[in-house]
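Read the structure below first, then the notes.
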Amino acid sequence: MAKGRADGNPRKRLITTVFVLFIVGGLVYLYSRNSGSLSSIEYTSKSLDTGGGDNIVVPRTIPVCDDRHSELIPCLDRNLIYQTRLKLDLSLMEHYERHCPMPERRYNCLIPPPPGYKIPIKWPKSRDQVWRANIPHTHLATEKSDQNWMVVKGEKIVFPGGGTHFHRGADKYIASIANMLNFPNNIINNGGRLRNVFDVGCGVASFGGYLLSSDVLAMSLAPNDVHENQIQFALERGIPAYLGVLGTFRLPYPSRSFELAHCSRCRIDWLQRDGILLLELDRILRPGGYFVYSSPEAYAQDEEDRRIWREMSALVGRMCWKVAAKKNQTVIWVKPLTNDCYLKREPGTQPPLCSSDDDPDTVWGVKMKACITRYSDQVHKARGSDLSPWPARLTTPPPRLADFNYSNEMFVKDMDVWQRRVSNYWKLLGNKIKPDTIRNVMDMKANLGSFAAALKDKDVWVMNVVPENGPNTLKIIYDRGLLGTVHNWCEAFSTYPRTYDLLHAWTIFSDIIERECSVQDILIEMDRILRPKAFVIIHDKRSVVMSIRKFLPALHWDAVTKSNVEQDSDTGEDDAVLIIQKKMWLTTESIRVSEK
């Protein structure tokens, strides 16, 4: 009997083992589908030839990510940092900087909207209210309840216009700054001479939102920190904003980009590392630019605040900044117009001037430097940037065109070309759009910014993106009074899902193919960025456009229209334009919540 029992045990163990393996295998399969892993993507049997000998494999389907990834930002993913055990210096904010996943760790799936998601409220109403379901995070309403950041009212989140330092409203605060600077009629744009503003630690970007009525554009910047979703709120409201941090790398903006930088209780230690963060602000400020600093150090009387104020005053003094105005809780410093002060400093004065071979406009992946960026000879002689006031600035050839050996005639021709193209785009969009359909626009390859300039009469703002491996024309874009950033399109963009109404992809896919990056990855990234019912304009070689069209069913995108562009004079290629609209789709969980 004992022998017989012994003979039966291995058989039972084998059956049990097979059963367990079957269960485990099933769970792994289900998990892979939910997490959007590459293994769950079904591919067609044929690849596509793009015309250059490159083949693109087209998936039959692309899975939907799990609901917990509805706010995924691949290169700012805290879970990735934890899982890969990156050794980062928290005191330097390295954990808020970009850390992109390797290709094998990317989520090859479509980001779902949160349960109950609705088409966003249209601009300009969106400045003051958004749907609660679209950004279901209300902790800031409680945490900042005494500062009027935001208030929950039923299905909506309302923004009264307050901030940590301006409880009574951003509009009154902005007027007070203009008054301190003696600008005409207390209007912050100073007759069009002040156009570009950098708002660091911006909260939900009410400061930037209220500047828009004065024809002033602010780049509102904040990290994905303990006040999570503040940039998502800003973009949902239709206010220009970008996820970033003053950490160890240069900000993605060229030198001399902004007339004014603003910090209202932004909780930044400006004295750290020999003042490197203030020196980064100095780099991006124009000659004669202002730094508006509203913080306890400017007025408090306790010993620690007074110490910080003394040291900060000494530092900016050595940087040749001067106090333009100081009132109540706000101080405004102004940057010099020329190099004169820098050259008169005593030898050995800290911080030093940057070396002559340092390019202050090279920013992608470049570490900050604790030195002062001196002006070029042309700026020094002109005693400033020599830019026209807004709105003439948009169409006047800027002096820095010479850096690229571009003539004024080339600049004007570029404007004419893009005026015609944009007019054609809008004809192709036809009755698909109304005046308030589109607010947040991204030009994925902006060149000189003429696509954005052609939209000047529409109530939109444009994030002009300059690819990091091409001509560094972003400084021309800023000199025209526009906003933008540098980016590598082989990686995910620093924004939340569902933040743009229109993406303009001019020759982006040809560039991606040439760099041997993944076409599928950038399409999934574009889908992540796009709001439901948003549009994509693809302008590329006809063969490339036809290839991209094959992806539409897997992405749940609809082709609105396709148009051939006969022998494009600029590219020398037979181009085509394909306009696409992203469908509104919901997960099972979203439908369940919506039906309640």
Side-chain angles (χ1 to χ4, degrees), residues 71-82 84 86-101 137 140 149 163-164 197-205 207-208 218-235 239-255 257-258 261-285 291-295 360 362-370 463 465 468 474 483-488 491-497 499:
E71 293 177 351
L72 177 69
I73 310 164
C75 293
L76 296 169
D77 183 7
R78 296 176 194 166
N79 290 327
L80 174 71
I81 292 174
Y82 175 77
T84 54
L86 294 177
K87 295 181 179 178
L88 304 174
D89 191 331
L90 304 187
S91 68
L92 301 183
M93 301 296 176
E94 289 182 338
H95 53 307
Y96 295 138
E97 295 181 327
R98 289 173 57 85
H99 304 282
C100 297
H137 300 282
L140 281 177
W149 278 37
T164 303
V197 168
F198 177 65
D199 187 17
V200 58
C202 63
V204 293
F207 181 75
M219 178 64 81
S220 298
L221 181 108
N224 186 22
D225 61 6
V226 292
H227 292 155
E228 62 182 22
N229 304 97
Q230 51 192 339
I231 292 297
Q232 189 178 16
F233 279 119
L235 291 165
I239 300 170
Y242 184 79
L243 273 167
V245 68
L246 279 164
T248 63
F249 289 95
R250 280 179 170 172
L251 295 167
Y253 318 119
S255 67
S257 294
F258 301 96
H262 173 252
C263 158
S264 171
R265 306 266 187 114
C266 55
R267 302 190 305 167
I268 292 174
D269 176 8
W270 296 106
L271 296 174
Q272 63 174 284
R273 292 177 282 158
D274 301 317
I276 195 169
L277 303 184
L278 268 178
L279 290 161
E280 179 63 2
L281 281 192
D282 184 82
R283 182 184 69 83
I284 64 174
L285 277 174
F291 178 40
V292 179
Y293 183 58
S294 297
S295 182
T362 302
V363 297
W364 186 258
V366 176
K367 292 282 189 178
M368 289 183 188
K369 299 178 182 179
M463 178 66 80
V465 181
E468 50 80 32
L474 191 57
L483 297 178
T485 188
V486 178
H487 186 62
N488 175 5
E491 301 174 356
F493 193 75
S494 293
T495 192
Y496 283 89
T499 45

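Any value given below was found using the heavy atoms of this structure, including those in side chains, with hydrogens, waters and symmetry copies removed. None of these values were measured; they are calculated from a predicted model.
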Worksheet, complete the sentence: To the nearest 0.5 Å, atom OH of Tyr496 lies from atom CG of Leu72 at 11.5 Å
Item to complete: Answer yes or no: is there a side-chain heavy-atom contact under 4.5 Å between Asp199 and Met219?
Response: no
Item to complete: Heavy atoms only: give me the nearest Pro254-Leu474 pair and the separation to one decimal.
Response: CD-CD2, 3.6 Å
Practice prompt. Can you see which heavy atom on Pro101 is nearest to which on Cys75, and at what distance?
Written response: CD-SG, 4.3 Å
Discussion item. For Gln272 and Asp269, which I'm curious about, is there any donor-acceptor pair between the side chains at under 3.5 Å?
Written reply: no
Discussion item. Less than 4.5 Å apart, side chain to side chain, heavy atoms only: is that true for Phe291 and His262?
Written reply: no
Worksheet item: Any side-chain heavy atom of Met368 within less than 4.5 Å of one from Phe249?
Response: no
Worksheet, complete the sentence: Contacts of His99 meeting ring pair (Phe, Tyr, Trp, His ring centres under 6.0 Å) (sequence neighbours excluded), chain-then-number -> none
Discussion item. With heavy-atom distances below 4.5 Å as the criterion, would you say the side chains of Tyr253 and Leu483 are in contact?
Written reply: no
Practice prompt. For the residue pair Phe198 and Phe258, categorise the inter-ring angle as parallel (less than 30°), tilted (30 to 60°) or perpendicular (more than 60°).
Written response: tilted
Worksheet item: Is there side-chain contact between Tyr242 and Ser494, with at least one heavy-atom pair below 4.5 Å?
Response: yes
Discussion item. Could you measure the distance from the CD atom of Glu280 to the OG atom of Ser255? Nearest 0.5 Å is fine.
Written reply: 10.5 Å
Item to complete: Taking all heavy atoms of Ala492 and all of His487, pick out the closest pair and write down the distance.
Response: O-CE1, 3.1 Å
Discussion item. I'd like to know whether Leu88 forms a side-chain contact (heavy atoms from CB on, under 4.5 Å) with Glu97, so could you lay out the CA-CA distance, the side-chain angles of the two residues, the decisive distance to 0.1 Å, and finally the verdict.
Written reply: CA-CA 10 Å; Leu88 304 174; Glu97 295 181 327; over 6 Å; no
Discussion item. Could you measure the distance from the CG atom of Leu92 to the CZ atom of Arg273? Nearest 0.5 Å is fine.
Written reply: 4.5 Å
Discussion item. My understanding is that only residues two or more places apart in sequence, or in another chain, count here; which of them pass salt bridge (charged side-chain N to carboxylate O under 4.0 Å, His left out) with Glu491?
Written reply: Arg98
Practice prompt. Hey, could you give me the NZ/CZ distance between Lys369 and Arg283, rounded to the nearest 0.5 Å?
Written response: 10.0 Å
Item to complete: Please test Phe493 against Met463 for side-chain contact (heavy atoms from CB on, under 4.5 Å), starting from the C-alpha separation and ending with a verdict.
Response: CA-CA 12 Å; Phe493 193 75; Met463 178 66 80; 4.2 Å; yes
Fill in: Cys266 SG to Tyr293 OH distance, which is reported to the nearest 0.5 Å
6.5 Å
Practice prompt. Run the numbers on His137 and Glu71 for side-chain hydrogen bond (donor to acceptor under 3.5 Å, both in side chains), then give the verdict.
Written response: CA-CA 11 Å; His137 300 282; Glu71 293 177 351; 2.8 Å; yes
Worksheet item: Do Asn224 and Arg78 come close enough that some side-chain heavy atom pair is under 4.5 Å?
Response: yes
Fill in: Residues in side-chain contact (heavy atoms from CB on, under 4.5 Å) contact with Ala241, at least two apart in sequence or another chain
Ser220, Ile231, Ala234, Leu235
Worksheet entry | Any donor-acceptor pair under 3.5 Å from Glu94 side chain to Asp89 backbone | yes
Discussion item. Donor-acceptor pair, distance only, cut-off 3.5 Å: does the side chain of Thr84 make one with the backbone of Leu80?
Written reply: yes
Fill in: Point-to-point distance, once rounded to the nearest 0.5 Å, from CG of Leu246 to CD1 of Ile276
10.0 Å
Worksheet item: So, do Val363 and Leu251 sit near enough that their side-chain heavy atoms are less than 4.5 Å apart?
Response: no
Practice prompt. Return yes if some donor-acceptor pair links the side-chain N/O of Arg265 with the main-chain N/O of Ser294 below 3.5 Å, else return no.
Written response: no
Response to the item:
Heavy-atom nearest pair, Ile239 first then Ala205, reads CD1-O, 3.5 Å
